[in-house]
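I'd like to ask some things about the structure below.
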Amino acid sequence: MLPKVDVRDESEIGYFKGMKSRTVLIFGVILTLLGLQLYRIKGDLKPFSELEWGVYDAMIRNHAQPPQSGAVALVDIDEESIDTYGQWPWPRYRLAQLIKQLEAEGARVIAFDMVFAEADRTSPDQLEKRFKKSSVEGIPEKLRNYDRVFADTLETSTVALGCYLHVSGVPARTTNAKVDPLFQGRVILKGPAGSLPNLLQCNNVTPNLTNFVARADGQGFFNCKADEDGSFRQVPLVYAYGPDRIYPSLGLEALRLYQGKPSNIILHHQWGEVRLIQVGDLRIPTGKEGQVFINYRKARANVQGLQAIKSFDHNYSVKEVLNGTLPEGVLKDKIVFVGTSAPGLRDIRPTPIGKDFMGVEIHATLIDNILSGDVQTRVQAEFAINFICIAAVGLFLTWLISRRKALRSLLVFIGLCAILLGGSLILYKTHGLMFNPTWILLCASMNYVGLTTLRYWLKEKDFAMIQEQFGNQVSEDVMNYLLNHPDSITTAGTSQDVSVFFSDMDGFTSLAENIEPATVSLLMKRYFTSMANQIITRDGYVDKFIGDSIMAVWGAPKPSRDHATRACLAALEQRRMLPRLQKALGLQFDVDVEFRIGINTGTAMAGWIGSDKRSNYTVMGDIVNQAARFEPLNKEYGTRIIIGAHTYESAKDHVEARLLDRNFLEGRGEPVVFYELLERKGHLKEGMLEVIAHYEEGVHAAWANEWKTAVQCFEQALNIKPDDVPSLRFARIARARIGAESGQTPDHA
């Protein structure tokens, strides 16, 4: 007789084939709309945002150039300077000396990447105030106040000081003029009458001391806001404080002074967006809120003595400046930024070219960008362009995959990706325009993978009956694995690390004798379904059903690192669901179902076993035999789940178990240690840990023939849990041994 084959109706097949193209088109439109929605809310999707920034960072690193303008230098308060001149903050007279020495070296503008918001506590007159009972004598009047020394130096030098702005998402309604009473409006607006640009906002200012602000040539903020992933890629050139104050950045203020002190910085805006910022003859394109993406320079390799990643060749130590050991002319006519790379001062920032980048170099790099004319700009209307491209590419791929063969679709998809990546690189290298195609590529990949998978699945439905015929021998998970790994299908077998599971129903023989065969079949179907679901849920392979027993395997044919843990958790879940199963089967069949489980872990031979005409995938070996013998041992010890020592060692971080005993199993020449599986990790009932401790101490005493100690340990366990069957069993054995050794008959003992 020919085997029964499920042949589908021809009309069904024709209808299915006719639906393929339409299904792909509909699904493609859905995927395209999904991609557009994801792009619209991309700010809430952290993994995708990190990927987008990662592509951006890679482009910056791969095309970074050395500093170009030659007009910027850095003076570093490094570790060596602090070791030489003492801990920070230094007395202000030391900073006054630094300014004078920098001017002597020819620096045109000096910018401090720091704020001097408090009086110098090391000044002699400040010390007199703090220590009222003593006075500092013998110091000339002009040197009694270091702040005055510093202020006098500022008055005769071209210096921009830093201030700190407290960033806020909400504009401040009013301005506290007392905080910065000497504010000078350096930024003027140029745009449609009656309109204001939407600028980044702050709600407070930490300025320098009033005496310093009055004497210095400028003051600009030095703090920047990091992107979502904590990296600094863009710098705001201006911040708004209240309705009538706009502060320039430290770099912008230094650039204003470098240009010969033009009276103002001009901010051009239109329709609420900043178009560009003008300083003298320099016109700086910006983002709509006045921010600029930094075109980072090529990072210098860390060498001995450097505490942070640097990109400027002109990084000089304060110690070199104050000692007068700088090479001649290295600072002449330059903007000199004074900052720190010392780890203790914490002015280190993560950037696209490294995590330990000097904060002051961010300002210096920006000014080098502006003076070199290679400020990085984003493509105007980037969001709209991406939105249109995502829709166009998604719909094109939908049409292509629904009409063309897989190879042609793949080649076109690869070509599209190459065009997008290559085009963005060309724009960046030739025009300094940053266009990030990450989202277009992501959405195109989603469309391609989704539609190709759908088309493959639709095609595979034609071969469903072949899979169904073969699938009668293996589980669905094994089928999927074998389809993807055909090399694993071998009659020779392979050696694999696995966990083997056996379960058996209590009293099945007597139960079957008292119930009609049809009822027994229905009962076992309900029972096997519940048990097998827990195995399959945890990636187990239900090898076979043998009468009322189940054999299952983890780790073969699908490899798994945590197969022992999965097997144990499946067994525990079966025990956890038993009360519900007992209730359901009791109501339907008037039976009380109970079962025992044995699990063992080790190396077994896995492969297709059987005759030429019929075979099935299974595992064989000593560990399989041990697992089968662990299951009936539960009767002897009054337990429900016994696992081998290797299983326990592999799964002990996830489950609770106790050392049960060691015993000679059939076919083994040496005793085998095994454990009772109790619960998931941390889920033991109160007092059970003490029971386990006393029980295991008693077992070790019994193994050493210390029977009196063993009895005491088991009795301590029983005092906590009187119905602990393994403790009752061992206590009875131990008392019998004591009685035998004392000459009593076994019955009396």
Side-chain angles (χ1 to χ4, degrees), residues 497-504 534 538 540 552-555 562-576 578 595-604 622-666 668 670-685 687-704 710 713-714 716-718 720-721 723-731 733-734:
D497 191 33
V498 298
S499 292
V500 183
F501 167 108
F502 280 93
S503 72
D504 187 65
Q534 301 306 321
R538 286 163 179 79
V553 183
W554 280 262
D562 59 344
H563 51 78
T565 300
R566 291 176 180 269
C568 290
L569 293 178
L572 291 171
E573 186 60 22
Q574 289 174 341
R575 295 300 307 172
R576 191 187 69 81
L578 178 60
F595 57 89
R596 303 176 301 272
I597 297 173
I599 303 174
N600 198 28
T601 299
T603 303
D622 185 56
I623 70 135
V624 181
N625 299 332
Q626 286 188 44
R629 293 184 176 96
F630 283 157
E631 179 270 318
L633 270 182
N634 284 288
K635 284 185 179 180
E636 182 178 343
Y637 288 87
T639 57
R640 290 301 174 188
I641 309 175
I642 290 180
I643 62 175
H646 289 304
T647 307
Y648 171 71
E649 288 299 325
S650 299
K652 63 183 180 181
D653 292 336
H654 303 278
V655 299
E656 301 281 4
R658 67 167 152 184
L659 173 66
L660 196 58
D661 200 1
R662 63 183 180 188
N663 211 330
F664 287 87
L665 301 181
E666 184 178 349
R668 299 284 297 184
E670 56 186 16
V672 175
V673 175
F674 44 89
Y675 291 74
E676 179 190 9
L677 181 62
L678 296 169
E679 256 298 352
R680 287 165 40 177
K681 197 73 174 179
H683 285 70
L684 283 177
K685 293 181 180 179
M688 197 59 197
L689 286 175
E690 294 181 63
V691 172
I692 293 173
H694 293 313
Y695 177 85
E696 291 185 350
E697 185 180 357
V699 169
H700 286 291
W703 289 352
C713 293
F714 295 128
Q716 288 175 325
L718 291 168
I720 302 171
K721 191 174 187 293
D723 61 344
D724 187 53
V725 179
S727 297
L728 288 169
R729 174 185 178 277
F730 252 120
I733 294 172

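Hydrogens, waters and symmetry mates are skipped; everything else that's a heavy atom, side chains included, is used. These numbers come from a predicted model, not from an experiment.
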Exercise for the section: Cation-pi check, R658 to Y648: give yes when NZ or CZ is under 6.0 Å from the six-membered ring centre and within 45° of the ring axis, no otherwise. Expected result: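 No, R658 and Y648 do not form such a contact.
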**OP:** Could I get the full list of salt bridge (charged side-chain N to carboxylate O under 4.0 Å, His left out) partners for D497, not counting sequence neighbours?
**Re:**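 Salt bridge (charged side-chain N to carboxylate O under 4.0 Å, His left out) check on D497 returns nothing, list empty.
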Can you name the residues that form a side chain to side chain contact (heavy atoms under 4.5 Å, CB included) with E573, not counting sequence neighbours?
->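 Listed in chain order: Q534, R538, R576.
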Can you sort out the partners of H654 under side chain to side chain contact (heavy atoms under 4.5 Å, CB included), two or more places apart, ordered by chain and number?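 Counting only residues at least two positions away or on another chain, H654 forms a side chain to side chain contact (heavy atoms under 4.5 Å, CB included) with T565.
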Residues 636-644, side-chain donor-acceptor partners within the protein, below 3.5 Å, at least two apart:
unit_1 : atom_1 : unit_2 : atom_2 : d
E636   : OE2    : R729   : NH2    : 2.8
Y637   : OH     : D661   : OD2    : 2.6
Y637   : OH     : N663   : ND2    : 3.3
T639   : OG1    : N634   : OD1    : 2.7
R640   : NH1    : D506   : OD2    : 2.7

Please find the pair of heavy atoms, one from A567 and one from W554, that lie closest to each other, and give the distance.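 For A567 versus W554, the nearest heavy atoms are CB-CE3, 3.5 Å.
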Which residues pass the side chain to side chain donor-acceptor pair (under 3.5 Å) test with E649, not counting sequence neighbours?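 Testing E649 for side chain to side chain donor-acceptor pair (under 3.5 Å), a comparison that skips the adjacent residues, returns K652.
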Excluding sequence neighbours, so at least two apart, what forms salt bridge (charged side-chain N to carboxylate O under 4.0 Å, His left out) with K635?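 In terms of salt bridge (charged side-chain N to carboxylate O under 4.0 Å, His left out), with neighbours along the sequence ignored, K635 is linked to no residue.
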For T601, which residues count as a side chain to side chain donor-acceptor pair (under 3.5 Å) partner, sequence neighbours excluded?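 Checked T601 against side chain to side chain donor-acceptor pair (under 3.5 Å); matches are S499, T647.
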> What distance do L633 atom CG and E676 atom CD have between them, rounded to the nearest 0.5 Å?
Replying inline: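 It is 12.0 Å, given to the nearest 0.5 Å.
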Below 3.5 Å, can you tabulate the donor-acceptor pairs from side chains in residues 688-699 to any protein atom, sequence neighbours excluded?
unit_1 : atom_1 : unit_2 : atom_2 : d
H694   : ND1    : Q716   : OE1    : 3.3
Y695   : OH     : L660   : O      : 2.9
E696   : OE2    : L659   : N      : 2.7

Partners passing side chain to side chain contact (heavy atoms under 4.5 Å, CB included) against A710 (at least two apart in sequence or in another chain):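 In terms of side chain to side chain contact (heavy atoms under 4.5 Å, CB included), with neighbours along the sequence ignored, A710 is linked to A701, A702, F714, A734.
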List the residues meeting ring pair (Phe, Tyr, Trp, His ring centres under 6.0 Å) with H700, not counting sequence neighbours, and say none if there are none.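 Per chain and number, H700 pairs via ring pair (Phe, Tyr, Trp, His ring centres under 6.0 Å) with W703.
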Self-check item: Residues forming a side chain to side chain donor-acceptor pair (under 3.5 Å) with D653, sequence neighbours excluded
Solution: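 Counting only residues at least two positions away or on another chain, D653 forms no side chain to side chain donor-acceptor pair (under 3.5 Å).
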Mind checking side chain to side chain contact (heavy atoms under 4.5 Å, CB included) for K681 and listing every partner two or more places apart, or none if nothing turns up?
->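 K681 satisfies side chain to side chain contact (heavy atoms under 4.5 Å, CB included) with E656 only.
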Given side-chain contact (heavy atoms from CB on, under 4.5 Å), test F501 with I597 step by step and report yes or no.
CA-CA 7 Å; F501 167 108; I597 297 173; 3.5 Å; yes
For the pair N600 (side chain) and I623 (backbone), establish whether a donor and an acceptor sit closer than 3.5 Å, ignoring hydrogens and angles.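 Between the backbone of I623 and the side chain of N600 there is a qualifying donor-acceptor contact (under 3.5 Å).
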If you take all heavy atoms of E631 and F502, which pair is closest and at what distance?
->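 In terms of heavy atoms, the two residues are closest at CG-O, 4.0 Å.
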Closest heavy-atom contact between A571 and L677?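 Shortest heavy-atom contact: CB-CD2, 4.4 Å.
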